[in-house]
Number of protein chains: 2
Amino acid sequence: MDHIDRALLVQLQQDATQSYAALGEAVGLSAGAAHERVRKLRARDVIRRTTVDVDPTALGAGVLAYVMVDSAAWMGDSGADFAAIPEILEAHIIAGSASVLVKVRTATTEQLQDVLRRIYAIDGVSGTQATVALETFFERPVSPHAGDFSSPRP
Amino acid sequence: MDHIDRALLVQLQQDATQSYAALGEAVGLSAGAAHERVRKLRARDVIRRTTVDVDPTALGAGVLAYVMVDSAAWMGDSGADFAAIPEILEAHIIAGSASVLVKVRTATTEQLQDVLRRIYAIDGVSGTQATVALETFFERPVSPHAGDFSSPRP
DNA sequence: GGTGAAATCTTTCCAAT
DNA sequence: ATTGGAAAGATTTCACC
């Protein structure tokens, strides 16, 4: 994972449809060498998959909310219960007053309410606190240059 | 946006490297027709871009946190200030007691602390409440079948 | 809007360094 | 690990439906 690999990841995050010739050009390598490096990044699961970024509003999922889920019991084995609710895009065990944090997208606030009802039905859940996003400033992938920014700075 | 378009989006979310022949096969269309539909989905910005999903831990960003940002003033024009912090992956204006919710990835909790310091330096910010994720159950893209699930069901 | 086929460009493989 | 080139395969266009 040198600086060339990171440059390749930046390029691919921006546009994974570009040719290996263009990719090589962008990082100062031949098409074959760029291909070989990307192949290894995939093999090592640094690149997990190539995918498309779909506009949620075009799919009728314009309402975004984060939900703090409180529980009376240990929730560490409840991953599948949350995954069974398709409107939930992320679920994390958290440190703090709540137990689980989930990210939800729905078409309407009525549907959000229905998702909260289904979360409530999960074993051990004792409460929810939903926070609705009014406007999204941005959503972007993790930067391959993370770690170059943190203090102490050079 | 009929059911074939949604099936194409599901396929592309899973693997955007597959050929139009394979894509057409999966949805019951010729390669040419699949290509034309995908071209239109891109033109209409339903597909915003083709990208790679990179493992955050491989990039040295294994610490995930959500931060509620409190403010004394209107934060509606502060998008660029949050975007200037590269460790911030999402920033949303929210309804509720806080003003802005941000998603952060860093290598260490020390670096997280440094990000909080930089958030604090943004004009109008009066406080932060960070929630660290201990374990991620899953992170997945928005389902093209969203809306097929909500009650009232058929 | 869909099909099948032709032309062009890319990916993929490999021998050499 | 990288290069250049050759073979295999994919994308893109187009005439026709």
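Labels below follow one simple rule: chain letters A, B, ... track the order of the sequence lines, proteins then strands, and each chain is numbered from 1.
Side-chain atoms of Lys40(B) lie closest to dG1(C) of the nucleotides dT10(C), dT3(D), dG1(C). Comparing dT12(D), dT3(C), dT12(C) by their closest approach to the side chain of His35(A) singles out dT12(C). In the set dT3(C), dT11(C), dA1(D), dA1(D) carries the atom at the smallest distance from any side-chain atom of Arg37(A).
Arg39(A) comes within 4.0 angstrom of nothing in the nucleic acid, heavy atoms only.
Between the P atom of dG2(C) and the CD1 atom of Ile4(B) lies a distance of 6 Å, rounded to the nearest Å. In this entry the distance linking CG of Asp15(B) with P of dA10(D) reads 13 Å, nearest Å. Taking atom CG on Leu23(A) and atom C1' on dT11(C), their separation rounds to 12 Å, with Å as the unit. dA6(C) atom C1' lies 19 Å from atom OH of Tyr20(B), rounded to whole Å. As a whole-Å value, the separation of Met1(A) CE from dA1(D) P is 14 Å. Between the C1' atom of dA5(C) and the CD atom of Glu36(B) lies a distance of 17 Å, rounded to the nearest Å. Between Glu25(B) atom CD and dT3(C) atom C1' there is a gap of 16 Å when expressed in whole angstrom units.
In this structure a side-chain-to-backbone donor-acceptor pair under 3.5 Å is present from Arg49(A) to Gln13(B).
Between Tyr66(B) and Tyr66(A), the ring planes are tilted. Angles from 30° to 60° get that label.
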Practice item. Give the C-alpha distance, both sets of side-chain angles, the deciding distance and a yes or no for salt bridge (Lys or Arg N to Asp or Glu O under 4.0 Å) between Lys103(A) and Glu139(A). Key: CA-CA 13 Å; Lys103(A) 178 179 182 176; Glu139(A) 284 184 287; 2.8 Å; yes
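Among all heavy-atom pairs drawn from Ser126(A) and Ala72(A), the shortest one is OG-N, 3.8 Å.
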